[in-house]
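One structure is given below, represented as structure tokens, and several questions about it will come after.
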Amino acid sequence: MSQPILSPVHYSPGLWRLAAQRLWSDAIGRYSFLVVAGYLLVVVAVLFGWVAQDWDREVAVNYAPPSGWVTAANRVVVPPSTLVVSGPVPLYGWTDPLEPQWSQAQTYARTASREAPHYLLTLPFGADKWGRDVGKKLLKGTQTSVWVGLVSALVATLLGTFLGALAGYYGRWTDDALNGLYGVLTAIPYLLLVFAVAAVFQQKGVGTLILILGLTGWTGVFRLVRAEYFKHRSREYVLAAGALGASHGRRIWIHILPNVSHIVLVQFSQNLVGFIKSEVILSFLGFGVPVSSVSWGSMLNEAQNELILGKWWQLAVTAVAMAIFVTAVSLLTDAMRDALDPRLRQ
Amino acid sequence: MTVPLLEVRDLRISFVAAHDPPVEAVRGVSFRVPDHSTVALVGESGSGKSVTALSILRLLPPENTRIDPASKILWEGKDILQGNGRSVRALRGKSIGTIFQDPMSALNPVLSIGMQLMEPLRLHLGLSRREARSRAVELLLRVGIDDAEKRLESYPHQLSGGQQQRVMIAMAISTHPRLLIADEPTTALDVTVQRQIMDLLGELQQQLSMAILFITHDLALVGEFAQEIVVMRGGEVQEVGNCSAVLSNPHSAYTRALLACRPPLEDCPARLPMMGVEGNLIMPQGGQRAESPGGPPILEVDGVSKRYDRPGKLWRRNFMVALAPVSFTLLQGKTLGVVGESGSGKSTLGRIVAGILAANDGTLRFFPPEGKGSASSARRVQMVFQNPFSSLNPRFTVAQILTEPLLLHSIGQNRGERLALAQQWLERVGLSAQALGRYPHEFSGGQRQRIAIARCLTLNPRILICDESVSALDVSVQAQILNLLRDLQDELHISYLFISHDLAVVRFMADEVLVLQGGKVVERGPVEQIYHAPQHPYTQKLLQAIPRGVKPYGGSLV
């Protein structure tokens with residue numbers, strides 16, 4: 001067969017490019033996108049260790065209040081002698097089980113006493129009970145919370161899309177079985193379910209949190225994607241693909257998926273907001289991140305005791321950061337829904 | 001001169017979108033509807049006929065439509081466009097009744113027929129419940145629904161399409177309107193039902209002496225039914241006048257082209273006249289279709305049948321026979337037409353042959369038989385679907401749409417080769433290579449159908465199944481696609497299984513015809529015999545129901 005010369009073809013902008021243009025031309029969409037992008041930048045920076053690696057260092061006196069600029073005048077030097085205990089403790093013939101740790105602590109105390117630590121009296125965002133910088137804690141907390149939200153939303157969306165596509169496309173017993181699973185999961189009160197899964201995992205940590213949220217949160221995506229596949233599977237373009245010889249898998253993932261992907265994206269960002277809130281609730285209740293880490297939820301948890309003492313800054317800073325992010329993501333979701341609505345096309 | 005019942009004067013309507021410049025859909029339309037007369041508003045899609053009708057009722061969404069302030073719609077001399085909401089509502093339903101195209105979506109599915117019928121009676125005429133009920137029964141009897149008392153309790157889905165449209169008519173005439181606006185009232189219905197509905201409308205017009213504004217794309221129907229005709233194109237009036245005068249001696253080139261594009265029932269030309277870009281007429285080459293003996297058989301269908309399980313009582317299986325055993329032979333390079341009304345099983349037959357649906361019994365034998373070296377059945381049989389708006393994946397570019405089948409059957413070594421093949425077929429169906437980079441929504445219905453045909457052709461099929469493939473298209477586009485299919489058949493010797501409810505289109509395409517009724521073949525034979533000497537009463541009934549308001553032209557065309 002003679003091969004004709006391909007003339008250069010101009011490709012029309014696809015759905016995603018058009019949607020991005022529409023999103024950018026909408027003021028709310030643009031600003032909320034910039035805000036969310038800023039937060040994501042923080043997440044990346046903390047993940048790669050560019051900022052806030054020393055968030056758990058004791059840099060100020062406890063509950064140092066927030067104030068504008070840190071100058072040399074507001075440093076305080078702590079006298080070293082208070083840290084060292086002198087003389088052996090009588091043990092009545094027993095060997096001290098803590099001997100190695102104790103001597104190590106003694107050595108540390110002695111070396112520390114040589115370069116006397118100085119603590120700040122104020123910080124831009126204040127300090128917490130242990131003199132840690134709330135500003136850096138916030139950066140680290142933001143990273144933890146947003147990261148947990150992002151990854152668990154990804155897990156939930158992928159799971160929900162996968163199961164929803166199978167249930168909606170194949171129908172019959174596949175649908176019945178998956179619907180049964182869906183029914184069981186949604187019949188249990190949400191927090192109770194989350195606690196149950198948390199109890200099964202038996203360990204605290206970011207990975208556990210992601211699994212808990214991802215495994216329990218896919219139901220909403222499942223329901224919507226299933227309905228969409230149900231609608232699309234009998235459309236003529238899918239029948240046509242079948243008549244051309246496309247396998248079921250190809251029809252599901254190559255032909256139909258691009259037609260429902262806008263719904264999946266909107267569900268993803270809705271889940272993101274929901275999971276960040278869930279993470280905060282779980283950490284607040286003590287099921288979330290371990291003590292060695294920090295998240296918005298654990299910061300709010302600490303803040304409830306501080307508030308009684310009148311130390312308001314950790315609460316204020318965390319609440320504002322969280323409110324801005326959640327609002328921005330919600331607005332972005334709305335703007336994306338408008339930008340991606342296929343009814344606006346044509 | 002007396003004041004006409006309705007007069008539209010220099011109507012201009014534009015649609016406004018958020019970011020785009022406004023689009024003028026109706027550009028200076030003027031016509032009048034005298035009392036007791038029938039005026040037909042005729043045009044293809046995008047001609048602005050439905051927009052005009054909706055603006056009379058002021059039903060256009062105000063947030064994205066602008067009606068030019070100089071436009072006037074006069075109801076007995078009073079401008080409807082100036083009136084307030086209350087006066088318009090009083091007019092709607094009371095003085096002006098409306099019937100829409102799709103009765104199923106115009107009726108509320110969760111309210112009984114009786115409820116829906118009685119509502120306007122109580123609202124506009126202030127009747128009591130009992131009075132309204134007896135009037136409703138009377139109305140149902142009047143539109144030809146038997147057992148009216150019982151039917152009041154029925155819900156819309158329990159009625160057939162024709163009965164639903166009768167209920168819509170009953171509703172529209174319930175308040176004795178002086179004008180009935182009928183927007184494509186029979187387009188969604190079968191030919192025989194269309195005939196009944198049109199007869200009913202004619203009768204009611206006589207009895208109630210109302211005027212009818214009849215909106216349609218079907219000139220043949222207009223010729224039988226209307227006195228005045230307004231031909232519209234692109235938001236402008238092309239021609240206004242007495243119906244029979246316009247149809248027998250059209251002045252506008254567009255009307256002439258529109259009349260000529262429709263396949264004739266009487267004879268069978270080799271190609272159809274087509275409409276040019278300007279609405280002018282392009283006459284085809286060649287006269288009548290030449291008879292050819294046809295090639296060897298390419299497909300033998302033997303006793304193929306299909307039944308669906310119905311959810312019945314436990315232990316008792318309940319079947320719905322969609323297709324009783326059907327047998328036929330398809331010859332190479334020939335066309336078998338399949339005609340029948342909705343529910344006749346013609347689409348089921350097409351889908352079984354296409355391999356989308358599995359038959360319960362019977363065999364399909366392809367020649368030469370499937371085996372090593374010969375193409376699989378998926379490659380031999382391809383299908384062109386009815387709706388070009390839904391049969392192309394909206395998220396695929398045309399390049400993806402056309403290379404997908406090549407990819408699936410590993411034709412072509414690489415992407416470049418496949419694209420070259422796709423481009424070849426695209427040009428063969430009359431589109432430029434530039435189309436490769438676009439998405440389906442950037443094309444018109446006719447162009448999309450060309451893309452769908454090109455997609456089938458990429459696999460070099462021996463049989464093409466056309467399931468109502470031109471039914472969703474405008475008459476002028478229909479002619480182009482039909483001619484294209486003919487060209488392709490002459491060139492590639494493909495066989496067609498051409499399924500349609502439209503007898504004129506089948507007359508043009510087919511060499512042999514199967515007539516299906518309720519899943520059974522009632523008659524089969526060469527096309528000439530079926531159309532000129534139908535044997536079975538059902539075939540006769542179908543042929544009689546075709547509207548023949550337009551006389552075929554002689555040589556006055558050029």
Side-chain angles (χ1 to χ4, degrees), chain A residues 1-19 21-26 172 228 231-264 338-346, chain B residues 17-19 351 354-357 376-379 381-401 404-409 411-412 415-417 419-424 427 432-442 452 455-456 458-459 461 465 467:
Chain A
M1 173 179 270
S2 68
Q3 186 143 184
I5 296 134
L6 271 177
S7 48
V9 171
H10 167 75
Y11 280 82
S12 298
L15 166 85
W16 296 105
R17 186 140 39 112
L18 284 175
Q21 281 168 6
R22 251 200 309 267
L23 188 71
W24 196 252
S25 66
D26 173 20
R172 294 168 185 264
E228 283 298 309
K231 202 166 75 188
H232 277 272
R233 70 167 180 195
S234 53
R235 291 264 167 97
E236 283 188 341
Y237 77 89
V238 181
L239 291 181
L244 290 168
S247 63
H248 288 301
R250 197 168 173 85
R251 272 179 263 174
I252 296 175
W253 306 119
I254 309 282
H255 287 266
I256 305 182
L257 190 59
N259 286 285
V260 303
S261 54
H262 58 284
I263 289 166
V264 174
D338 287 347
L340 285 164
D341 192 342
R343 271 171 300 180
L344 285 176
R345 281 152 62 91
Q346 292 175 11
Chain B
H19 300 292
R351 288 184 177 189
I356 298 177
L357 212 63
S376 64
S377 63
R379 282 191 54 186
V381 187
Q382 280 304 313
M383 182 153 175
V384 182
F385 290 85
Q386 169 171 8
N387 191 344
F389 290 84
S390 67
S391 67
L392 302 176
N393 193 331
R395 295 281 183 271
F396 278 18
T397 59
V398 172
Q400 274 173 293
I401 289 171
E404 174 77 5
L406 299 173
L407 199 70
L408 289 171
H409 295 276
I411 302 169
R415 197 179 128 81
E417 224 168 280
L419 274 177
L421 271 171
Q423 184 187 329
Q424 243 178 17
E427 281 163 2
S432 86
Q434 285 306 312
L436 283 176
R438 307 226 192 105
Y439 286 87
H441 73 91
E442 296 174 67
R455 172 174 62 183
C456 294
T458 52
L459 291 178
I465 297 161
D467 187 1

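Worth knowing before you read on, the calculation uses all heavy atoms, side chains too, and leaves out hydrogens, waters and symmetry mates.
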Heavy-atom proximity to chain A below 4.5 Å, by part of B/I356:
side chain
Interface moiety of B/Q400 toward chain A, non-hydrogen atoms closer than 4.5 Å:
neither
Charged N-O contact under 4.0 Å between B/R455 and B/E404:
no
So which of A/R250, A/H232, A/R235 has the biggest tally of heavy-atom pairs under 4.5 Å with chain B?
A/R250
If you tally heavy-atom pairs under 4.5 Å against chain B, which of A/S261, A/A241, A/P258 wins?
A/P258
Shortest non-hydrogen pair, A/Y237 vs A/I256, comes out as OH-CA, 4.0 Å
By a 4.5 Å heavy-atom criterion (distance strictly below it), what part of B/A452 contacts chain A: side chain, backbone, both, or neither?
neither
So, do B/L459 and B/I411 sit near enough that their side-chain heavy atoms are less than 4.5 Å apart?
yes
For the residue pair A/D338 and A/D26, establish whether any side-chain heavy-atom pair is separated by less than 4.5 Å.
no
If you tally heavy-atom pairs under 4.5 Å between each of B/T397, B/L407, B/N387 and chain A, the highest tally belongs to B/N387
Minimal heavy-atom distance between B/P440 and B/P394, with the atoms involved, is CD-O, 4.1 Å
